[in-house]
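None of these values were measured; they are calculated from a predicted model.
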Amino acid sequence: MGAKFALVMLLCVAVLQVALFAHHAEAVVSCGQVQSGLLPCLGFLQGRALSPQCCPGVRSVVAAARTPNDRRTACRCLQAAAKSMRNINYGNAATLPAKCGVKIPFQISPNTDCSRVG
C-alpha cells in the first residue's frame, strides 16, 4: 500500500503538482490522472516485469497531456511521486515510454528540469 501511495505521489508531481497556469489557463491534466494511469506500472518502475495494464495507462496520460503546461505538470507529478517512493529503477522508468509505444518530451528522471518541458 505504501508503494502505491508513493507512485501516486510521483505521478502527481509530474502532471499537476499545483495546477500550473499558462496565459491564465489551468492545466487540464491532474496528478490524480497521472497517478491512476501509471499505478499499474509500479512493479515495472521498481524493477519487476511490465504488467499488461501498464501501457494503456501510460498512453492515456500521454494523450491527456496535450499542452506544454500539461506536460510540465505531468513531469512534476512524476518527479514528486518518484521522490516519495523507494526502490525506483530509473533505468526502467526511462524505457517505459518506448516500451509502451509513446514519446514524451522529457526523460523520466529526478534530474529533469520540468520547467523546461514544452
Side-chain angles (χ1 to χ4, degrees):
M1 179 178 256
K4 288 181 183 179
F5 177 75
L7 176 63
V8 171
M9 295 309 299
L10 167 66
L11 301 175
C12 187
V13 166
V15 178
L16 179 72
Q17 188 188 10
V18 283
L20 298 173
F21 290 90
H23 303 281
H24 303 301
E26 283 190 50
V28 174
V29 177
S30 72
C31 283
Q33 286 176 290
V34 174
Q35 294 168 355
S36 65
L38 297 182
L39 188 59
C41 304
L42 182 58
F44 181 72
L45 294 172
Q46 292 179 324
R48 296 187 293 277
L50 186 66
S51 113
Q53 295 81 22
C54 176
C55 288
V58 169
R59 287 190 288 271
S60 72
V61 169
V62 170
R66 291 182 216 113
T67 68
N69 195 39
D70 288 337
R71 292 186 287 273
R72 283 189 292 274
T73 300
C75 179
R76 289 182 177 110
C77 289
L78 287 170
Q79 283 186 331
K83 288 177 183 176
S84 69
M85 298 177 66
R86 296 176 132 188
N87 304 320
I88 294 297
N89 180 320
Y90 287 103
N92 280 10
T95 66
L96 185 59
K99 287 192 175 288
C100 292
V102 298
K103 291 184 180 182
I104 61 172
F106 59 90
Q107 184 175 8
I108 301 173
S109 164
N111 301 318
T112 297
D113 182 355
C114 294
S115 70
R116 299 185 64 143
V117 170

Name all residues meeting the side chain to side chain contact (heavy atoms under 4.5 Å, CB included) criterion together with Asp113; count only those two or more places apart in sequence or in a different chain, and write none if there are none. Ser115, Arg116
Where is the tightest heavy-atom contact between Ile88 and Gln46, given as atom of each residue plus distance? CD1-CG, 4.5 Å
Over all heavy atoms of both residues, which pair between Gly37 and Val61 is shortest? Give the atoms and the distance, please. CA-CG2, 4.0 Å
Can you tell if the side chain of Pro110 reaches within under 4.5 Å of the side chain of Tyr90, non-hydrogen atoms only? yes
Sequence-distant partners of Val62, side chain to side chain contact (heavy atoms under 4.5 Å, CB included), two or more places apart: Val58, Val102, Ile104
I'd like to check Thr67 versus Val28 (side-chain heavy atoms, cut-off strictly below 4.5 Å). Are they in contact? no
Under 3.5 Å donor-acceptor, Thr112 side chain and Ile108 backbone: no
To the closest 0.5 Å, what do you measure between CG (Leu42) and CE (Met85)? 4.0 Å
Would you say the side chain of Leu96 lies within less than 4.5 Å of the side chain of Leu50, judging by non-hydrogen atoms? yes
Residue pairs passing the side-chain hydrogen bond (donor to acceptor under 3.5 Å, both in side chains) test where at least one lies in residues 53-65, sequence neighbours excluded: Ser51-Gln53
Those residues at least two apart in sequence (or on a different chain) that pass side chain to side chain contact (heavy atoms under 4.5 Å, CB included) with Pro68 are Arg71, Arg72
For Gln79 and Ser109 the tightest heavy-atom approach is NE2-O, 3.0 Å
I'd like to know if the two cysteines, Cys54 and Cys100, have SG atoms within less than 2.5 Å. no
